[in-house]
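So that the names make sense, note that chain A is the first sequence line, chain B the second, and so on, each numbered from 1. As the structure is a prediction and not an experimental result, all values here were calculated from the model. Values below: all heavy atoms of this structure, side chains included; hydrogens, waters and symmetry mates excluded.
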Amino acid sequence: MLSLLDVINGRLEKALERAFPEATEVARKAGRPLDPQLVAASKPEFGDFQINGALQFAKLLKLSPRQIAAEIVDQLNKDVDFLKLVETVEIAGPGFINISLSSTCLINELQSRLNDSRLGVPFVNKNESGHLPGIVVDFSSPNIAKEMHVGHLRSTIIGDSLSRIFEFRGYRVIRINHVGDWGTQFGMLITHLKDVAPTALEEGDSYDLGDLVAFYREAKKRFDSDQNFKLKSREEVVLLQRGNVQSLKAWKLLCSKSRDDFQIIYDRLDINLIERGESFYNQFLNDVVMELDNLGLLVVDQGAKCVFLQTSTGKDGKALPVIIQKTDGGYNYATTDLAAIRYRFQEVPNGDGAFRIIYVTDSGQASHFSGVFEVARRAKWVPEGGRLEHVPFGLVQGEDGKKLKTRSGETVRLRDLLDEAIERSKNDLCRRLDSEGREENETFILNVSTTVGIAAVKYADLSQNRITNYQFSFDKMLSLQGNTAPYLLYALVRISGISRKAVNLDISLKTFEFSQKQEWSLLRKLLKFDEVILDVEEELLPNRLCTYLFELSQLFNRFYDQVPILKADGIPRCSRLALCKLTADTLRLGLGLLGIPTLERM
RNA sequence: GGGGCUGUAGCUCAGCUGGAUAGAGCGACGGUUUCCUAAACCGUAGGUCGUGGGUUCGAGUCCCGCCAGCCCCGCCA
C-alpha cells in the first residue's frame, strides 16, 4: 500500500497546513517541515494507519494533543478525495488519529495487485546518466583449496537473498565472489603440487587432483614439519608474484579445481556469483599506495606504510593504523579491499560503476571494514551519494551454544550439512507417507525432500536477525510447526490443492465482497508486501521478509480453516479464490526472493 | 587498557524513523476432524525488556554509568 500511503500522506499534509497555517509555514521556513507521522497502525484494532504527530505538536502549538488531533480530523473530513478512501477517522487515546480504509479502497488495491506481477513493488528509477543504478554485493568468498564449511553458510545465503531483492527491484546487481585466491598459502600448495604431481602442469585442467582438502592438509603438514619444504614454499611465493609461467600454471590449476568444488555447492543452493578473487586487484595495488601517498595520507611507521585513522584510537590513545604496505614491501588484505572499493565505484569501462557496495561477512570483521571504509572516504574513492556498507552477521552455533562442530570436533562441511538436512527431511516425509497410507514415487520423494531440506537450511538462517549469533538446529528448522520453511511451503501446498479442485483461479474480471474478519485481515496483510520489500532493501534485514511471510501464512491458515472456500458460491467464493491466488503469488514471490523454490504438493 | 556486538517468557527469537495494554514459535496444559493436505486451527498459563540513572507528553527502542557473555585491536584474511 505504498502508493496509498503516499496519497494519504499528501492529503494529510494539506490538512495539517489548513489546520495550522502559521506553524506549518514557520516550520517550513526553518527547513524542518512538520511531519504528521503517518505510519501503519501498530495493531489491527487501530485500523490501517495511525497519525502520531498530534502528540508531538502539543508543545509547539500550545494546545492539547487531542485538540490538535481534532483540528486535523476536522480538516480531513472536509477533503472529498481523502474521504473516498477512508471508512473511519477517529481520535483515540492521548491524541492518536486512527484511519481505517474503506472496503472499496481495499478491494481496488486487491484488484490492482491481482493484475500486477510485481505485486505493487515499484521498479527502481534510472540514474542521471540513464542507467540502472549498480549495486555490488560481496558475499560467500571461500578460500581456494579449502572446503566450503558452515562458516560460509550465512554469508552465502544472506548475500544471495539480498541480491535477489535488489535484482527484483531492478538494480544492476554485481554478485561478487571475492575468493581468497592469493597469498602465502599458495607457496606451499604449488610446491607440494610440483612434488606429488609433476605431470599435472602439462595436463592442466584435465589432471585430477582428487580431494583438494586432503591435498591442502598434506601440504600444510609438510610446511609445518619440513624446513626444506618451508624454504622452497617461500621461494615459490616470490616466483608466483613475479609471474613465473610454471607457477602461474600451477596456481590456475588449483583455482580451477577449487572452483569446480565450490560450484557443486552453489548449484545445490541455486546461487549465482561472479568469481573475482583477491588476485584480480593485484594490478591496482601500486596505484592505491601511490594515490594515498599523493593525498598525504600515508605515514611510514616502524617500516610499514600506514594510514592512521581519525575515528578510532588504540591503547595509549594513539590513532590506529591501517597497514597499506608491509615492511617487506608486500601488501595485505586492507590494500586489496581498498583497491576493490576504488574499482567498484569507478565508472564502467574502468570499474563496476556501483553506487552501493555491500559486504556480507561475519561481525568479527567490523573494525577492519570501518577502518578501510574511512580510508576510502578520505581518499575520495567513494562518490557523492555512494554507499559503503558492512552487513555483519553472528556466528553459527550448535544447540549447546558453542561454535558449531561435528561430533569429532571438526568444522562442519557445507555439503555434509546439506546432505543431512535432505536426509532428515526425507525421513520425515517417508514417515508421514507411511502413516497416511500415501503412495508416492521416488522422483516425488527426492524432489520434495531436497526442496524442503535446502529450504529449511536457508530459511532458518534468513529468518533470524543476522546481527545475533544463530543457533543451528535441524529439528527446529525442519519442524512442521512454527516459523519454518515447511510451514510456509505447506500453506502454498494448501492453495495448490484448492486450485486443483477449483475449475480455475482466474478471477481477474470479477467483483469482490468480503464479510468475514479473517478475509479482511488476510487482505490487509497481503497489501503490505511492497512496504516489506522496500524495508529490507534499505535495512538489509531479510528476516523482516521472513516474519512477514510467516504472519501471512498464519493468517491464511486461519482463513482456510475457518472460512469455506470451495463450498461457497457466487461472489464470496470468487472473492475467496482471489485471496488464495494473491496469497499464493505473494508467498511464491517472497520465498523466491529468499532463494527458496516452492512445491505443488508435499 | 581501547573499540564493537549482544542481554526481552522455561527454551529459540521478533519488536520497523521513540508511540496506545511488550509479541511469535517451541515446550506445558486443555479443546477442534461429515469439509479444500489436521504438516492445520482455537484456548489457557508464562515478563521488573541485564541493572541504575537521564532526556521526553511518552523509552524494550535515544544518552550516560555499571554487570555479564562473545568478538576485534600493526605488518594473517
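If you take atom P in B:rG69 and the same atom in B:rC29, they sit 35 Å apart, rounded to whole Å. A gap of 15 Å separates the P atoms of B:rC63 and B:rG19, to the nearest Å. Using atom P as the reference point in both B:rG65 and B:rG27, the two lie 43 Å apart (nearest Å). The separation of B:rC26 from B:rG43, taken at their P atoms, amounts to 14 Å, rounded to a whole angstrom. To the nearest whole angstrom, the two P atoms, one in B:rA24 and one in B:rC41, are 13 Å apart. Taking the P atoms as reference points, B:rU55 lies 36 Å from B:rU12, given to the whole Å. Here the separation of B:rC57 from B:rG2, taken at their P atoms, is 35 Å to the nearest Å. Across B:rC16 and B:rG1, the matching C1' atoms stand 37 Å from one another, rounded to whole Å.
Among the nucleotides B:rC72, B:rC75, B:rA77, the one closest to the side chain of A:S367 is B:rC72. With distances taken from any side-chain atom of A:Q471 to the nucleotides B:rC36, B:rU12, B:rA20, the minimum falls on B:rU12. Among the nucleotides B:rA20, B:rC42, B:rA39, the one closest to the side chain of A:Q562 is B:rC42. Taking every side-chain heavy atom of A:N465 into account, B:rA14 is the closest of B:rA40, B:rG74, B:rA14. Closest to the side chain of A:R558, out of B:rA40, B:rC35, B:rC42, is B:rC42. Here the nucleotide nearest the side chain of A:F308, chosen from B:rG74, B:rU56, B:rA24, is B:rG74. Comparing B:rC75, B:rC41, B:rC36 by their nearest atom to the side chain of A:K326 picks out B:rC75. In this structure, of B:rU6, B:rC36, B:rU21, it is B:rU6 that holds the atom nearest to the side chain of A:T468. The side chain of A:Q365 lies closest to B:rA77 when the candidates are B:rA77, B:rA39, B:rG19. For A:K59, counting side-chain heavy atoms from C-beta on, the closest listed nucleotide (B:rA20, B:rU56, B:rU12) is B:rU56.
Within 6.0 Å of the CD atom in A:E439, the count of heavy atoms belonging to other residues, nucleotides or ligands does not exceed 12.
Within residues 528-547 of chain A, the residues having any heavy atom under 4.0 Å from RNA chain B are, by residue number, A:N543, A:R544, A:T547.
Here A:A304 lies in heavy-atom contact (under 4.0 Å) with a base. Contact annotation for A:N52: base contact, defined as any heavy-atom pair under 4.0 Å involving a base atom. A:I323 comes within 4.0 angstrom of a nucleotide base, judged by non-hydrogen atoms across all strands. No contact: A:G180 has no heavy atom under 4.0 Å from any strand. A:N98 comes within 4.0 angstrom of a nucleotide base, judged by non-hydrogen atoms across all strands. A:A92 comes within contact range of at least one nucleobase, with a heavy-atom separation under 4.0 Å. Within the 4.0 angstrom heavy-atom criterion, no nucleotide atom of any strand lies near A:T184. Here A:V563 lies in heavy-atom contact (under 4.0 Å) with a base. Note on A:P321: a base of the nucleic acid sits closer than 4.0 angstrom, heavy atoms only. Using a 4.0 Å heavy-atom distance criterion, A:N143 is classed as making no nucleic acid contact. Residue-level contact check: A:D362 touches neither bases nor backbone, having no heavy atom under 4.0 Å from any strand. Contact annotation for A:Q554: backbone-only contact, meaning every heavy-atom pair under 4.0 Å involves sugar-phosphate atoms and none involves a base. Contact annotation for A:Y487: backbone-only contact, meaning every heavy-atom pair under 4.0 Å involves sugar-phosphate atoms and none involves a base. Within 4.0 Å of A:E278, counting heavy atoms only, lie sugar-phosphate atoms of the nucleic acid but no base atom.
Remark: the A:T327 side chain and the B:rC75 base include a donor-acceptor N/O pair separated by less than 3.5 Å.
In this structure, A:F474 has its ring center under 6.0 Å from that of A:F472. Ring to ring, A:F96 and A:F46 are not that close: their centroids are 6.0 angstrom or more apart. With ring centers used as reference points, A:Y343 lies under 6.0 Å from A:F280. Ring to ring, A:H178 and A:Y333 are not that close: their centroids are 6.0 angstrom or more apart.
OP1 and OP2 of B:rC36 both lie 4.0 Å or more from every side-chain N or O belonging to A:R576. Remark: A:K305 is not in phosphate contact with B:rG74, judged by side-chain N or O atoms under 4.0 Å from OP1 or OP2. In terms of phosphate contacts, A:N483 brings no side-chain nitrogen or oxygen within less than 4.0 Å of OP1 or OP2 of B:rC13.
For the pair A:N282 and A:Y331, the minimum side-chain heavy-atom distance is 4.5 Å or more.
Stacking of A:F550 onto the six-membered ring of B:rA24 is not present when judged by under 5.5 angstrom between centres and under 30° between planes.
Inspection of the A:D337 and A:Y281 side chains reveals no N or O donor paired with an N or O acceptor under 3.5 Å.
Considering A:R601, A:K426, A:R432 in turn, A:R601 is the only one that fulfils the salt bridge (charged side-chain N to carboxylate O under 4.0 Å, His left out) rule with A:E440.
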Going 5' to 3' through nucleotides 26-32 of chain B and flagging B where a protein heavy-atom sits under 4.0 Å of the base, S where only the sugar-phosphate is that close, and - otherwise, we get S------
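Ion pairing between A:R424 and A:D428 fails under the 4.0 Å rule for side-chain N and carboxylate O. The pair A:D362-A:R154 fails the salt-bridge criterion, with no side-chain N (NZ, NE, NH1 or NH2) lying under 4.0 Å from an Asp/Glu carboxylate O. Ion pairing of A:R387 with A:E538 is present here, as a side-chain N (NZ or NE/NH1/NH2) and a carboxylate O approach within less than 4.0 Å. Taking the charged nitrogens against the carboxylate oxygens, A:R431 and A:D434 have no contact shorter than 4.0 Å, which rules out a salt bridge.
Both A:Q397 and A:A41 lie near RNA chain B, and the one whose nearest nucleotide falls closer to the 5' end is A:Q397.
The NZ atom of A:K305 sits 6.5 Å away from atom CG of A:L298, with the distance rounded to the nearest 0.5 Å.
In RNA chain B, runs of at least 3 stacked Watson-Crick or G-U pairs (N1-N3 plus N6-O4 or O6-N4, or N1-O2 plus O6-N3, all under 3.5 Å) give these stems: B:1-7 with B:67-73, B:10-13 with B:23-26, B:28-32 with B:40-44, B:50-54 with B:62-66.
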